[in-house]
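The structure displayed is predicted, hence computed values, not measured ones.
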Amino acid sequence: QAHAKVWHLYNDHFRPAQRGKVSIALSSHWIKPQRMTEKNIKECQKSLDFVLGWFAKPIFIDGDYPESMRSNLSSLLPEFSEAEKKYIKGTADFFGLSFGATLSFQLLDSHMKFQQLESISLRQLLYWINSEYNNPQIFIVENSWFVSGTTKRDDAKYIYYLKKFIMETLKAIRYDGVNVFGYTVWSLLDGFEWHRGYSIRRGLFYVDFQSHDKKLMPKSSVLFYEKVIEKNGFPPLPENQPIEGIFPCGFAWGIVDNYIQVDTTPAQFLDSSVYVWDVHQTKKLIKVDGVYALKRKRHCVDFAAIRLQISLLQEMHVTHFHFSLKWSLILPLGNLSLINHTLVHYYQCFASELLRVNITPVVALWQPMIENQELPVSLAKYGAWENTETVQAFVEYARFCFTSLGDHVKFWITMNEPSVKNLTYTAGHNLLKAHAKVWHLYDKEFRRSQKGKISIALQADWVEPACPFSRNDQEVADRILEFDVGWLAEPIFGNGDYPEVMRAWLHRINSVDLYNFHLPYFSEDEKKLIQGSFDFFALSHYTTTLVGSEKEDAVKYDHYLEVQMINDITWLHSPSRVAVVPWGLRKLLKWVKSKYGDVPVYVMANGIDDDQNMVHDKLRVYYIQNYINEALKAYTLDNVNLQGYFVYSFNDKTAPKYGLYSYVANQYEPKPSLKHYREIIDNNGFPGPETPELLCPEEVASCPKCHFFRTRKSFLAFISFLFVAFIVTIFFITYYSKRVERRYK
């Protein structure tokens with residue numbers, strides 16, 4: 001009633017002269033049902049009625065309280081007279097909304113939630129207000145969330161709350177038709193937050209409450225908000241717009257399956273037993289004891305599983321297929337005393353069948369898995385990569401693989417995605433030496449005859465500073481990149497030793513007795529062995545991580561590296577909460593080029609999980625489209641020597657939720673993302689009307705047996721000479737024998 005009287009006062013006596021407007025500012029939360037049932041939805045409506053509708057409905061609708069309040073509170077709720085209803089109704093020139101500034105998870109009375117779930121979705125609240133109160137003009141008079149009181153001036157978490165709220169407001173305007181005409185951030189500066197005291201902060205300006213002068217210092221959020229105001233929102237950035245263009249001739253379009261489906265069940269044709277068909281009684285085959293047919297040699301066609309997998313790969317139109325061998329199964333004892341010849345033959349057949357259909361096999365010797373790191377039990381039991389004996393065992397295993405499979409495999413990966421999160425420094429040290437020794441083994445003993453290439457494949461997700469305006473956050477991001485990628489990359493692709501950033505950081509934290517981490521040293525001979533032990537830079541990339549220097553969330557804070565993991569809540573995320581950030585791939589590729597020069601680069605794995613109930617597979621289609629386009633930018637605009645791109649993964653059977661083929665009831669079905677990827681492959685990128693045509697020479701089908709002839713040219717020339725001499729001799733003998741016969745006749 002007081003509000004209504006003031007509104008009428010202004011309307012009758014001041015508006016004609018002052019030409020202003022007046023309203024009431026109402027605070028609200030947003031609520032969503034625990035489960036999408038009619039009862040829960042009604043409870044959510046009741047929650048909003050009790051908090052926002054209590055004041056909004058009388059003013060914006062009919063002058064009376066919500067019906068849900070009347071039915072629940074009965075006599076506790078006062079009655080308006082008809083005259084009062086008419087007097088209150090319509091006493092607002094706009095809808096003033098406060099969201100997040102006063103009501104929050106801790107402040108909203110739990111009874112007002114009616115056992116439903118509170119949410120910070122401003123867009124949904126704006127849509128509800130628009131629908132409930134007849135499309136009013138809305139002015140957001142207060143909006144924010146809070147961060148920890150320990151946060152100082154690099155307030156990344158606050159920035160991403162702010163970004164989310166402003167973006168949701170923009171979406172409500174653009175997509176939902178909500179009439180929002182103003183937005184206000186709460187608050188200007190840090191202050192006393194009632195029952196929370198000084199334990200949280202909301203301000204754009206930092207205040208040191210312990211200082212004498214309480215000086216106001218701008219936070220990073222000030223710079224962010226200033227940019228938003230300057231641009232009047234979030235206009236599309238030129239660097240984030242898709243481009244048209246194509247990749248070079250011979251670009252490797254691939255698919256990944258960590259471990260191919262191995263089924264070595266012998267075919268019925270290999271059974272040498274003789275059977276009689278009992279057609280009269282049992283109708284079954286009866287084995288004849290003591291009678292056997294001639295045994296025949298095994299053939300690749302005996303493996304039915306191979307034919308199915310090859311046909312599925314052909315349907316994709318990929319040129320390369322990347323999979324890993326199982327060291328623990330090929331050499332169960334970790335040495336050559338016991339060899340699984342059946343499995344080796346299976347791999348041989350699989351690779352040869354790939355070549356037959358013009359798909360290049362890309363084979364990793366080792367990929368770590370949870371159980372025993374995918375090492376033979378005897379090696380895993382005695383220290384795994386901590387033990388130097390594993391290094392030599394890996395070299396002997398590699399020699400066996402090169403000998404057995406080298407006729408068919410020309411594209412080798414020594415180690416695929418060794419996880420630095422699970423490696424000790426000693427294990428990483430031995431792993432690097434093992435890789436280098438295998439590379440030199442191939443280079444000296446197999447490269448000339450097999451004509452292949454070999455390198456290591458590293459997992460490399462991009463790391464971005466959470467506050468783009470913070471030098472401290474940039475330093476943290478650089479440090480994490482060196483620990484995550486540079487640790488194994490710098491010795492191989494750089495100077496033969498670990499990154500200086502790693503050594504300096506470990507020296508600093510060890511000196512204060514908090515930790516005792518020893519990063520081993522390489523001898524000069526070891527540096528020479530490791531440095532340059534590559535033919536290309538292979539990397540797996542899935543997402544981008546934000547990092548900050550301010551400790552905000554103890555659960556996501558790494559004390560060892562002094563880094564706070566931050567989540568941009570405006571980013572698109574997969575069902576498993578992996579962020580979809582396509583531009584991170586381009587930044588990573590540029591970083592590799594800037595650090596390691598014009599090295600040939602292959603993106604060996606790039607993929608996202610999905611919700612298996614999503615029929616249209618929209619997330620993966622979006623992911624593949626945009627990540628490949630960012631790779632194209634790296635190639636065309638940044639001159640990165642990019643030579644291949646592989647999607648992860650082949651099918652849901654071996655990598656659930658990641659496959660381009662679903663696997664249900666023993667059947668493989670292509671997802672929409674497969675068809676989309678195939679279209680990109682067929683176009684070799686994203687050609688446009690002005691894209692020049694690229695004429696690529698026809699590729700000659702690979703011949704797995706051709707190396708036999710190429711390596712014996714002199715011998716073959718001699719045999720050819722003997723064959724020609726033999727033919728000529730036969731010709732002359734025949735010719736002169738006929739002349740002699742005619743002479744005697």
Side-chain angles (χ1 to χ4, degrees), residues 366 368 373 375 379-380 382-395 414-440 455-463 472 474-534 537-540 545 547 549 557-565 588 591-592 594-596:
W366 174 73
Q373 301 182 49
L375 295 171
L379 297 176
Y382 294 102
W385 288 107
E386 298 271 342
N387 191 336
T388 55
E389 291 184 7
T390 304
V391 175
Q392 192 54 40
F394 185 66
V395 174
T414 55
M415 298 156 177
N416 192 52
E417 297 184 26
S419 175
V420 295
K421 306 293 184 187
N422 300 319
L423 274 182
T424 65
Y425 291 126
T426 301
H429 200 69
N430 289 333
L431 190 145
L432 283 166
K433 289 191 286 187
H435 155 78
K437 288 184 175 183
V438 167
W439 186 89
H440 284 284
S455 197
I456 191 172
L458 304 175
Q459 181 166 341
D461 288 334
W462 180 244
V463 181
N472 291 336
Q474 184 62 60
E475 289 177 0
V476 170
D478 293 340
R479 179 163 71 245
I480 299 303
L481 276 172
E482 294 295 355
F483 271 82
D484 283 0
V485 185
W487 175 7
L488 300 180
E490 186 64 27
I492 298 170
F493 301 93
N495 61 11
D497 202 357
Y498 297 114
E500 278 301 315
V501 171
M502 283 187 72
R503 288 214 181 276
W505 182 259
L506 292 174
H507 177 74
R508 186 182 79 81
I509 64 172
N510 286 339
S511 64
V512 295
D513 294 328
L514 291 176
Y515 300 94
N516 185 22
F517 292 108
H518 173 64
L519 188 62
Y521 286 86
F522 292 114
S523 67
E524 290 304 314
D525 288 340
E526 287 172 338
K527 288 180 182 179
K528 291 177 182 177
L529 178 79
I530 296 170
Q531 185 181 20
S533 57
F534 68 91
F537 194 114
L539 60 92
S540 299
T545 304
V547 295
S549 55
Y557 187 79
D558 187 332
H559 292 271
Y560 167 49
L561 292 175
E562 295 181 9
V563 55
Q564 178 68 62
M565 301 299 173
L588 174 69
W591 182 82
V592 170
S594 67
K595 278 190 68 74
Y596 305 119

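- Q459 and S540 share no donor-acceptor pair across their side chains, judged by distance under 3.5 Å alone.
- Listed here is the closest heavy atom pair of I456 and L431: CD1-CD2, 4.4 Å.
- Atoms CG and CH2, from L519 and W487 in turn, are 8.0 Å apart once rounded to the nearest 0.5 Å.
- In this structure, G428 and L423 approach most closely via the heavy-atom pair CA-CD1, 4.1 Å.
- A donor-acceptor pair under 3.5 Å is absent between the side-chain atoms of E386 and the main chain of G383, judged by distance alone.
- The NZ atom of K433 lies 7.0 Å from the OG1 atom of T388; values are rounded to the nearest 0.5 Å.
- Nearest heavy atom pair, residue V563 against residue I480, reads CG1-CD1, 3.9 Å.
- The shortest side-chain heavy-atom distance between L488 and P418 falls under the 4.5 Å cut-off.
- A donor-acceptor pair under 3.5 Å links the side-chain atoms of D558 to the main chain of L561, judged by distance alone.
- Closest approach of A393 to L379, counting heavy atoms only: CB-CD1, 3.8 Å.
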- Task: Apply the test side chain to side chain contact (heavy atoms under 4.5 Å, CB included) to residues E417 and L458: give CA-CA distance (whole Å), side-chain angles for both, the deciding distance (0.1 Å), then the verdict.
- Result: CA-CA 5 Å; E417 297 184 26; L458 304 175; over 6 Å; no

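- Looking at N472, its side chain never comes within 3.5 Å of a backbone N or O of S549 through a donor-acceptor pair.
- Distance alone, capped at 3.5 Å, places no donor-acceptor pair between the D497 side chain and the P491 backbone.
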*Any chance you could lay out the ring-ring contact (aromatic ring centres under 6.0 Å, His included) test for H429 and F522, step after step, and finish with the verdict?*
CA-CA 8 Å; H429 200 69; F522 292 114; 4.1 Å; yes

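- For the residue pair W591 and L481, the shortest heavy atom distance occurs at NE1-CD1, 3.9 Å.
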| After noting the C-alpha distance and the side-chain angles of K421 and D484, does the key distance pass the side chain to side chain contact (heavy atoms under 4.5 Å, CB included) rule? | CA-CA 8 Å; K421 306 293 184 187; D484 283 0; 3.5 Å; yes

inquiry  = Before you tell me yes or no, could you show the steps for R479 and E562 under side chain to side chain contact (heavy atoms under 4.5 Å, CB included), namely the whole-Å CA-CA distance, both residues' side-chain angles and the distance that decides it to 0.1 Å?
reply    = CA-CA 10 Å; R479 179 163 71 245; E562 295 181 9; 4.2 Å; yes

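- Look at E490 and K595 and you find a salt bridge, because one of the NZ, NE, NH1 or NH2 atoms lies within 4.0 Å of a carboxylate O, short of that distance.
- Ion pairing between R503 and E500 fails under the 4.0 Å rule for side-chain N and carboxylate O.
- Side-chain contact between T424 and F517: absent, with no pair of heavy atoms (C-beta onward) separated by less than 4.5 Å.
- Rounding to the nearest 0.5 Å places OH of Y382 at 10.0 Å from CD of E389.
- Judged by distance alone, the side chain of Q531 and the main-chain N or O of G494 form a donor-acceptor pair under 3.5 Å.
- Around atom NZ of K437, no more than 12 heavy atoms belonging to other residues, nucleotides or ligands sit under 6.0 Å away.
- Using cut-offs of 30° and 60° on the angle between ring planes, the pair F483 and Y560 is perpendicular.
- Listed for the H435 side chain is no donor-acceptor partner under 3.5 Å among the backbone atoms of I492.
- Without hydrogens or angle criteria, W366 side chain to Q373 main chain gives a donor-acceptor distance under 3.5 Å.
- Y498 and Y425 have their aromatic ring centers separated by at least 6.0 angstrom.
- Of all heavy-atom pairs spanning V395 and V438, the tightest one is CA-CG2, 4.0 Å.
- At a threshold of 4.5 Å between non-hydrogen side-chain atoms, the residues Y557 and H559 count as touching.
- With hydrogens and angles ignored, the 3.5 Å screen pairs no side-chain donor or acceptor of S533 with any backbone N or O of W439.
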